[in-house]
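None of these values were measured; they are calculated from a predicted model.
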Amino acid sequence: MDIVLEAQAPFSLPAVVRSHGWVQLAPFSSSDPYHDFRYVDRLQSGRVVTWDVQPCDGGALLSVGGELSSAEQRETEDKARWVLGLDQDLAPFYDVARQEPRLAKVVENAAGRILRSPTLFEDTVKTILTTNTAWIGTIRMVRSLVDLYGEPSPEDPSRRAFPTPERLAGADVEALRKEARLGYRAPYVHALADRVARGDLDLEALKTADLPTGELRKELLALKGVGAYAAANLLMLLGRTDFIPIDSYALKMVSKEFHGGEPVGPQEVEAAFARWGEWNGMAYWFWEWSGNG
DNA sequence: GGTAGACCTGGACGC
DNA sequence: GCGTCCAGGTCTACC
């Protein structure tokens, strides 16, 4: 069954897929040159389906094997629109990006949307698993969670959906630590899953919460395992772009770009992009650096 | 409020 | 093959 996902122009599916490394994290997959993607989704009904998302005129075309009920079709379309940020209006950002040569390619490539998971729960777990580890470690830890706890696709059991909060809450913390090899992050992921599964924390409500960004940031920082970097990363995924996810890469690039290689701290990173105001996270994310790092 | 050290894994390196 | 060192954010204890 095919679902046409109409996008507000300008839109580029490859630009979303290449917006960051999320497409390399299960249950996303893509083949070089990251032109399209696949995703294994568990519907509310419990049915597991695989999306195949390709570019098409005016947006993207999502195909799933077999037929979907009208409710499943609506659920899939809503999730896919969130994943691709199709309802985001980037015109105000493009207005400022046009004034900056280092952001010229954002406009030229119809970039600016950031690939995200269907649920904030999944993105929060993934973000926690990006901290204090090399990218290859994040890929491995997410892969392990999906392989060990994800619901298999009936068509191809080797493909699995991202585990539900209930499934991870029911997992043993030591198994998360030792078998999924999350290390010290295991209790953070388990506690998050447990709170969501018990209904103590409604993460998904934060997607549409009418909260000032500073308040939203406080909510995220209250989660164990989520510090300044992780909160800023999640805010970017939520479309709140006024904080920069400052990690060691940011420190290195700002040092090279603006300080002649001298060591810098978070204040220098913030100062380098402060003039972009509410868009400073976007300016940082899509900045065309002089070197490749 | 600021800082030091622990947390955990995997890769790089030297022997 | 083994041991050591290092990178990578966050938390906690301490000042």
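Rounded to whole Å, the distance from CD1 on A:Ile246 to P on C:dT10 is 11 Å. Note: NZ (A:Lys224) to P (B:dC7) measures 16 Å, nearest angstrom. For the pair A:Leu223 CG and C:dT10 C1', the computed distance is 13 Å after rounding to whole Å. Rounded to an integer number of Å, the gap from A:Asn132 CG to C:dT10 P is 9 Å. When the C1' atom of B:dC7 is taken as reference, atom OH of A:Tyr188 falls 7 Å away, rounded to whole Å. Rounded to whole Å, the distance from CG on A:Leu145 to P on B:dT9 is 14 Å. Atom CD1 of A:Ile139 and atom C1' of C:dG8 are 15 Å apart (whole Å). In this structure, the CG atom of A:Leu176 is 13 Å from the P atom of B:dC8, given to the nearest Å.
Contact annotation for A:Gly137: no contact, since no heavy-atom pair falls under 4.0 Å across all strands. Among the heavy atoms of the strands lying under 4.0 Å from A:Ala230 are primed sugar atoms or P, OP1, OP2 only; no base atom is included.
In this structure, A:Lys256 forms no cation-pi arrangement with A:Trp289, as its terminal cationic atom is not both closer than 6.0 Å to the ring centre and no more than 45° off the ring axis. Judged by a 6.0 Å distance limit and a 45° cone about the ring axis, A:Arg116 is positioned over the six-membered ring of A:Trp82.
Not one side-chain nitrogen or oxygen of A:Lys178 sits closer than 4.0 Å to the OP1 or OP2 atom of B:dC8. For the OP1/OP2 pair of B:dC8 and a distance below 4.0 Å, the side-chain nitrogens and oxygens of A:Arg185 include no atom meeting the criterion. In terms of phosphate contacts, A:Arg140 brings no side-chain nitrogen or oxygen within less than 4.0 Å of OP1 or OP2 of B:dT9. Contact annotation: A:Thr133 does not reach the phosphate of B:dC8 (side-chain N/O to OP1 or OP2, under 4.0 Å).
For A:Arg240 and A:Thr213, the side-chain atoms include at least one donor-acceptor pair closer than 3.5 Å. Remark: the A:Asp123 side chain and the A:Ser117 side chain contain an N/O donor-acceptor pair separated by less than 3.5 Å.
With hydrogens and angles ignored, a donor-acceptor pair closer than 3.5 Å exists between the side chain of A:Tyr184 and the base of C:dG9.
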- [ ] Decide yes or no on salt bridge (charged side-chain N to carboxylate O under 4.0 Å, His left out) for A:Glu100 and A:Arg275, but give the supporting numbers first.
- [x] CA-CA 11 Å; A:Glu100 169 54 59; A:Arg275 65 193 166 108; 3.1 Å; yes
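Nearer the 5' end of DNA chain B, as judged by each residue's closest nucleotide, is the contact made by A:Arg177, out of A:Arg177 and A:Ile136. Comparing A:Ser248 and A:Leu221 by the nucleotide of DNA chain C that holds the closest heavy atom to each, the one mapping nearer the 5' end is A:Ser248.
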